[in-house]
Q: 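I'd like to ask some things about the structure below.
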Amino acid sequence: MGRRILLLLMLCLVVGAECAQAQEEEGISISLGDIENDGRREEIQRYFGYEDLLYRYLTLPYDVSINTNQRGRYIDIGFALFALVPLLLLSLLRSRVRWFYVTAIGLIGYLLLCQHHSVIMQRGMIPVSPTSDQWSSYLQTDNKSVPEALLAAWYSSTQWLTRPFAEIFTGITAQRDHITYPLLIILFIAGLWLISRVRARSSLQSLGMVSMAFGFLWLLLSAGIIWYGFLLLPFLYAGIAKSIGQKTEERADHLFRPKYLMLGTLVIWAVTAYVGRISNITYMNAANEQHIGKGIVDHSLYQYSTGSVDFSQSQQVSYPGIGTALEYINESDAYIYQLGTSMAFEIRDNPNRIFFDNTLKEFFRVFSKYRDKEVIMDVWGASDIQFLIVDLYTHTLDQTPEKSLTKKYQLLLNTLYQNPKVRLLATDRKIEVEQPDGSTTQESAVFGPKITNFGTYAIFEILS
């Protein structure tokens, strides 16, 4: 019994992993022929991952729980389900020793399979993977935090187990293959059969089969986007609760330890998730750093809702440096080309005036045809597009191995740089400018030798 409890605890090691978004790349060589202008690959597949097809599907439950592919509070379901569902399954198999050990070994093997493409979050939010070229140099750094050091030691010590997995899968799968979907169907049928063999109440078995069916469909159809699977989460938590209730009734004369382990994990996760959600720790407005982590919404919205500031003052806090740019845009009826940002809410008649191109798909088509940056502005102007609103963090969404979105974003910046056909209306980016007397000043600009505040947006006007 002690060994089985030890196996259960080993499975909880998954809670240490973290995820990361792609960071800004430097020194990228841009060749138009190398850019795969596929918005679905850049926007949708970043939730799914860019591994080979079979790896992509098999590791998806791990990835969405640990946020390996995509991070953010809007997709964070936490590690609790990924830790507790295996524990629930093993607790139901405690009376069947052979199946208990077979399942436990299988789950540990699955963890190792997923671990091969997992990452460690370095300080500064830069991810590093055991399969990356930076892994060796990362191991030699001395400023790792305790969780980083523990995960690095674990990944390094298990490389001899994960490497054979990778070699086997490399030989049978690729970005497309003929084995992934038949194997997923086989695993689905095997899962249903395993649930039917578990000694449990019929209601618990029915719940398990419904969860398995919904999870199978979500796996095949959702591309890893977590909100399409939200209905599955109550099913799984209900299964955990029913299992705890059943086992408590069966062993009323003893303390049912898994019950407290599961409930304790859920309580810890709920508390930490609540604190993270209401703290608003991702607020990036440098002008209000003293308010970061102190409220669920931006401090400027609190002030506006209580009447402490008027609308224009609140707007200036939300979009520093915006000045009268939005008023100028709202006085016009011209179309707007928008790349990211939430500024559409501030624009009059935005559904009819704004053309969204978040993956720069249409821009790349125009660029590939005309190449000349002044001609491109003339083409947009002829289409009655007068304003360009650019999210300066667009490149951070790019997780494609070939960095296609990053390259297209750089082409856009090259098109805007020193272009006599465009005029900067507003930005919250700051650059350092050296004056003739040797002193330096901070100015609002997108391009400059030294950026002191990266900013979040830039608004340009196309000149006729």
Q: I'd like to know whether Y62 forms a side-chain contact (heavy atoms from CB on, under 4.5 Å) with L111, so could you lay out the CA-CA distance, the side-chain angles of the two residues, the decisive distance to 0.1 Å, and finally the verdict.
A: CA-CA 8 Å; Y62 174 92; L111 174 58; 4.0 Å; yes
Q: Of the options I385, I389, I459, N350, which is the one that meets I336 in a side chain to side chain contact (heavy atoms under 4.5 Å, CB included)?
A: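 Considering I385, I389, I459, N350, a side chain to side chain contact (heavy atoms under 4.5 Å, CB included) with I336 is found only for I389.
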Q: For Q175 and D52, what are the C-alpha separation, side-chain angles and deciding distance, and is it a side-chain contact (heavy atoms from CB on, under 4.5 Å)?
A: CA-CA 5 Å; Q175 290 297 306; D52 288 339; 3.6 Å; yes
Q: How far does CD1 of I66 sit from CD of Q115, to the nearest 0.5 angstrom?
A: 11.5 Å
Q: Measure from the side-chain N and O atoms of S156 to the backbone N and O of A153, and report whether any donor-acceptor pair falls under 3.5 Å.
A: no
Q: Is any side-chain heavy atom of S404 less than 4.5 Å from a side-chain heavy atom of D38?
A: no
Q: Angle class for the F82/Y110 ring planes (parallel below 30°, perpendicular above 60°, tilted otherwise)?
A: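 Taking Y110 first and then F82, their aromatic rings sit tilted (interplane angle of 30° to 60°).
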Q: Any idea which heavy atoms bring L139 and A152 closest together, and the distance?
A: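 Nearest pair, atom of L139 first, then A152: CD2-CB, 3.9 Å.
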Q: I want to check something: taking the side chain as every heavy atom from C-beta on, are V446 and L416 in contact at a cut-off of under 4.5 Å?
A: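 No. Closest side-chain heavy atoms not under 4.5 Å.
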Q: Take atom OH of Y228 as the centre, draw a 6.0 Å sphere, and report whether it contains more than 12 heavy atoms from other residues, nucleotides or ligands.
A: no
Q: Looking at Y335, is its backbone amide N or carbonyl O close enough to the side chain of R353 to form a donor-acceptor pair, meaning the two atoms are under 3.5 Å apart?
A: no
Q: Under 6.0 Å between ring centres: does that hold for F48 and Y57?
A: yes
Q: Please report the closest heavy-atom contact between A223 and I44, naming both atoms and the distance.
A: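 Of all heavy-atom pairs spanning A223 and I44, the closest is CB-CG2, 3.6 Å.
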Q: Within this structure, what is the OG1-CG distance for the pair T394 and L360, rounded to the nearest 0.5 Å?
A: 6.5 Å
Q: Report yes if some heavy atom in the side chain of F454 is under 4.5 Å from a heavy atom in the side chain of K430; otherwise report no.
A: no
Q: Taking the side chain as every heavy atom from C-beta outward, state whether D349 and I354 have any pair of such atoms under 4.5 Å apart.
A: no
Q: Applying the side chain to side chain contact (heavy atoms under 4.5 Å, CB included) criterion to Q338, which one of N358, V390, I347, L388 satisfies it?
A: I347
Q: What distance separates Y457 OH from L339 CG, expressed to the nearest 0.5 Å?
A: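 The CG atom of L339 is 15.5 Å from OH of Y457, to the nearest 0.5 Å.
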Q: Going by atom types only, do D357 and Y337 share a side-chain donor-acceptor pair under 3.5 Å?
A: yes
Q: Any sub-3.5 Å donor-acceptor pair from E51's side-chain atoms to Y55's backbone N or O?
A: no
Q: Count the heavy atoms belonging to other residues, nucleotides or ligands that lie under 6.0 Å from CH2 of W99, then report whether that count exceeds 12.
A: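 Incorrect, the count does not exceed 12.
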Q: Does the plane of the ring in Y393 sit parallel, tilted or perpendicular to the ring in H395? Use 30° and 60° as the thresholds.
A: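 Correct class here is parallel.
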Q: Working to the nearest 0.5 Å, report the span between CG of N69 and CG of D63.
A: 4.0 Å
Q: Distance check, rounded to the nearest 0.5 Å: L405 atom CG versus R41 atom CZ?
A: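 Spacing of CG (L405) from CZ (R41) equals 12.0 Å.
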Q: Is it true that R40 and E43 make a salt bridge, defined as a side-chain N closer than 4.0 Å to a carboxylate O?
A: no
Q: Between S118 and Y155, do the side chains contain an N or O donor and an N or O acceptor separated by less than 3.5 Å?
A: yes
Q: I need the single residue from D398, T396, T400 that forms a side-chain hydrogen bond (donor to acceptor under 3.5 Å, both in side chains) with T406. Which is it?
A: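 Running side-chain hydrogen bond (donor to acceptor under 3.5 Å, both in side chains) over D398, T396, T400 with T406 returns exactly one hit, D398.
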Q: Going by atom types alone, do T180 and D177 pair a side-chain donor with an acceptor below 3.5 Å?
A: yes
Q: Shortest non-hydrogen contact from L219 to P61?
A: CD1-CD, 4.3 Å
Q: Between K373 and Y417, what is the shortest heavy-atom contact and its length?
A: NZ-O, 2.7 Å
Q: Indicate the atoms forming the closest heavy-atom contact of L392 with Y409, along with that distance.
A: O-OH, 3.3 Å
Q: Looking at Y138, is its backbone amide N or carbonyl O close enough to the side chain of T141 to form a donor-acceptor pair, meaning the two atoms are under 3.5 Å apart?
A: yes
Q: Assert yes or no for the condition that the ring centre distance of W380 to F460 is strictly below 6.0 Å.
A: no
Q: Could you point out which residue of F363, F364, Y370 forms a ring pair (Phe, Tyr, Trp, His ring centres under 6.0 Å) with F367?
A: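 Among the candidates, only F363 passes.
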Q: I want to know whether F230 and W227 have ring centres closer than 6.0 Å.
A: no
Q: Look at E42 together with K408 and state whether they make a salt bridge at an N to O cut-off of under 4.0 Å.
A: yes
Q: Between R56 and Y50, is NZ or CZ placed under 6.0 angstrom from the six-membered ring centre and within 45° of the ring axis?
A: no
Q: CG of L113 to CD1 of I108: how many Å apart, nearest 0.5 Å?
A: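 Rounded to the nearest 0.5 Å, the CG-CD1 separation comes out at 13.5 Å.
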Q: If you take all heavy atoms of I451 and R429, which pair is closest and at what distance?
A: CD1-NH1, 3.6 Å
Q: Taking atom types as modelled, find out whether S222 and W218 have a side-chain donor-acceptor pair closer than 3.5 angstrom.
A: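 Looking only at side-chain atoms, W218 and S222 do form a donor-acceptor pair, the distance falling under 3.5 Å.
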Q: Output, in order, the C-alpha distance, side-chain angles, deciding distance and verdict of side-chain contact (heavy atoms from CB on, under 4.5 Å) for L413 and F447.
A: CA-CA 9 Å; L413 293 184; F447 306 104; 4.1 Å; yes
